[in-house]
Amino acid sequence: MDIDIVSVFPDYFEVLNLSLLGKAQHKGLVQVEAHDLRNWTHDVHHSVDDTPVGGGAGMVMKPEVWAECLDDLLHLAPVEDASTLEKPETPNEETVLIFPNPSAPLFTQADATELAGKKHLVFGCGRYEGYDARIPEYYRLQGVDVREYSIGDYVLNGGEVAVSAMIEAITRLMPGFMGNHESIVEESYTGENALLEHYQYTKPATWRGLAVPEVLLSGDHGKVDRFRRDEALAKTTRIRPDLIEALDCHALDKKDRKELMELGWNVSGDHPRRHTK
């Protein structure tokens, strides 16, 4: 996979050369390159922003600078009058252009899984009051698969933190990235009927007076699996009940349904619902 990142602070992404992602780049599984948006400016001040049309506080990133940069990275010729273009029914399936945006849909594990199968990802890091809204519109008209994602209900100073999080979530799902692929199979949000992951423990069995659950020391793998499954159901009920509500009751086994009923769920329908008093 090739990953291009556009930012006014490209040095921020030196962190991606560390740990597993750094090893994956060394092995040739993924290539990450950060580009300085100011390299595509032509004025003496290397300006990438201007005042908002219609007034208001802050500055907005200029479309002409972004377009020169993205045209180069996406290997597209400029179109002088994009209003004459019609958006293709099917965008390019190999390349995805991604902009973090706090007003966009939430980035999920399902998105990370899908994007892990792409050949080329281009990330654009907004700053100031964001980027001109015509930028994603223009590239959609060009047939580019453009996505805008939020990583949570809060606002950051720029897109760099969000892009780093998305890249890590995506690349770790690529074949060969993790030393032990099994370590991601039971993670939180993984799979169609996703739950939060059960709690994890290591040695010693008792630490500062706190003991790990005794069943984990039993050596009975069936009991351990059931304990962890019940713990995941209870943890998800407490922290993310919306995930329980999304479960398919028909895909749950008898023990799952029993545990959920004990946790206060009605599992007689298509999806679990809280018991009403």
Side-chain angles (χ1 to χ4, degrees), residues 15 18-24 27 29 106-116 151-154 161 164-277:
V15 68
L18 302 176
S19 190
L20 292 174
L21 185 50
K23 292 179 181 179
K27 290 191 294 185
L29 290 176
L106 188 67
F107 180 77
T108 68
Q109 186 73 11
D111 295 315
T113 301
E114 188 240 336
L115 290 168
I151 62 166
D153 293 340
Y154 46 86
V161 170
S164 297
M166 286 190 280
I167 288 176
E168 184 159 317
I170 293 164
T171 54
R172 68 192 304 275
L173 299 175
M174 296 171 56
F177 185 94
M178 301 290 287
N180 180 8
H181 183 71
E182 291 300 314
S183 63
I184 68 174
V185 171
E186 294 184 357
E187 289 182 328
S188 299
Y189 312 113
T190 300
E192 187 174 344
N193 285 307
L195 299 171
L196 300 184
E197 187 179 12
H198 56 79
Y199 294 105
Q200 298 281 4
Y201 305 90
T202 187
K203 302 176 183 68
T206 301
W207 171 77
R208 295 190 176 183
L210 302 176
V212 301
E214 188 173 348
V215 65
L216 299 179
L217 306 173
S218 68
D220 188 323
H221 297 299
K223 288 183 178 180
V224 168
D225 289 346
R226 188 64 248 171
F227 172 82
R228 287 174 167 170
R229 177 69 174 178
D230 290 346
E231 192 174 57
L233 290 167
K235 181 179 179 182
T236 308
T237 291
R238 186 173 67 258
I239 300 173
R240 289 290 305 274
D242 57 302
L243 295 179
I244 298 290
E245 292 173 347
L247 294 175
D248 180 358
C249 287
H250 305 291
L252 300 173
D253 64 24
K254 183 178 180 180
K255 293 180 179 179
D256 285 342
R257 290 193 290 273
K258 179 182 177 182
E259 178 67 18
L260 286 172
M261 286 189 289
E262 291 179 357
L263 290 168
W265 294 96
N266 183 329
V267 293
S268 61
D270 291 332
H271 303 282
R273 291 291 176 264
R274 291 279 199 180
H275 283 300
T276 56
K277 294 183 180 180

| message | Working note: R257 + K255, criterion side-chain contact (heavy atoms from CB on, under 4.5 Å); need CA distance, chi angles, decisive distance, verdict. | response | CA-CA 5 Å; R257 290 193 290 273; K255 293 180 179 179; over 6 Å; no

| query | Which residues satisfy the salt bridge (Lys or Arg N to Asp or Glu O under 4.0 Å) test with D242, sequence neighbours excluded? | reply | R240

| field | Residues forming a side-chain hydrogen bond (donor to acceptor under 3.5 Å, both in side chains) with D153, sequence neighbours excluded | value | none

| request: Applying side-chain hydrogen bond (donor to acceptor under 3.5 Å, both in side chains), name anything that partners T108, two or more places apart in sequence or on another chain. | output: D111

| task | State which residues pass salt bridge (Lys or Arg N to Asp or Glu O under 4.0 Å) with R226; sequence neighbours excluded, sorted by chain then number. | result | D230, D253, D256

| request: Output all residues satisfying salt bridge (Lys or Arg N to Asp or Glu O under 4.0 Å) with E168, sequence neighbours left out; order by chain, then residue number. | output: none

| Does V267 offer a backbone N or O that forms a donor-acceptor pair with the side chain of R273 under 3.5 Å? | no

| message | Going by the rule side-chain hydrogen bond (donor to acceptor under 3.5 Å, both in side chains), which residues pair with S268 if we only count those two or more places apart in sequence or in a different chain? | response | N266

| Ignoring hydrogens and geometry, is there a side-chain-to-backbone donor-acceptor pair from K27 to G176 under 3.5 Å? | yes

| query | Taking side chain as C-beta onward, heavy atoms only, is E231 less than 4.5 Å from L195? | reply | no

| note | Contacts of A234 meeting side-chain contact (heavy atoms from CB on, under 4.5 Å) (sequence neighbours excluded), chain-then-number -> L263

| 4.5 Å side-chain heavy-atom contact, W265 and R274 | yes

Enumerate, atom names and distances included, each donor-acceptor pair closer than 3.5 Å involving a side-chain atom of residues 207-223, sequence neighbours excluded.
residue	atom	partner	partner atom	Å
S218	OG	V215	O	2.7
S218	OG	D220	N	3.1
D220	OD1	G222	N	3.1
D220	OD1	K223	N	3.1

| task | Would you mind reporting whether L173 and Q109 have side-chain heavy atoms less than 4.5 Å apart? | result | yes

| Which residues share a side-chain hydrogen bond (donor to acceptor under 3.5 Å, both in side chains) with T236, sequence neighbours left out | none

| Partner set under side-chain contact (heavy atoms from CB on, under 4.5 Å) for R238, not counting sequence neighbours | Y199, K235

| task | Begin from the C-alpha positions of M166 and I151 and carry the test side-chain contact (heavy atoms from CB on, under 4.5 Å) through to its verdict. | result | CA-CA 8 Å; M166 286 190 280; I151 62 166; 4.2 Å; yes

| said: List the residues meeting ring-ring contact (aromatic ring centres under 6.0 Å, His included) with F227, not counting sequence neighbours, and say none if there are none. | reply: none

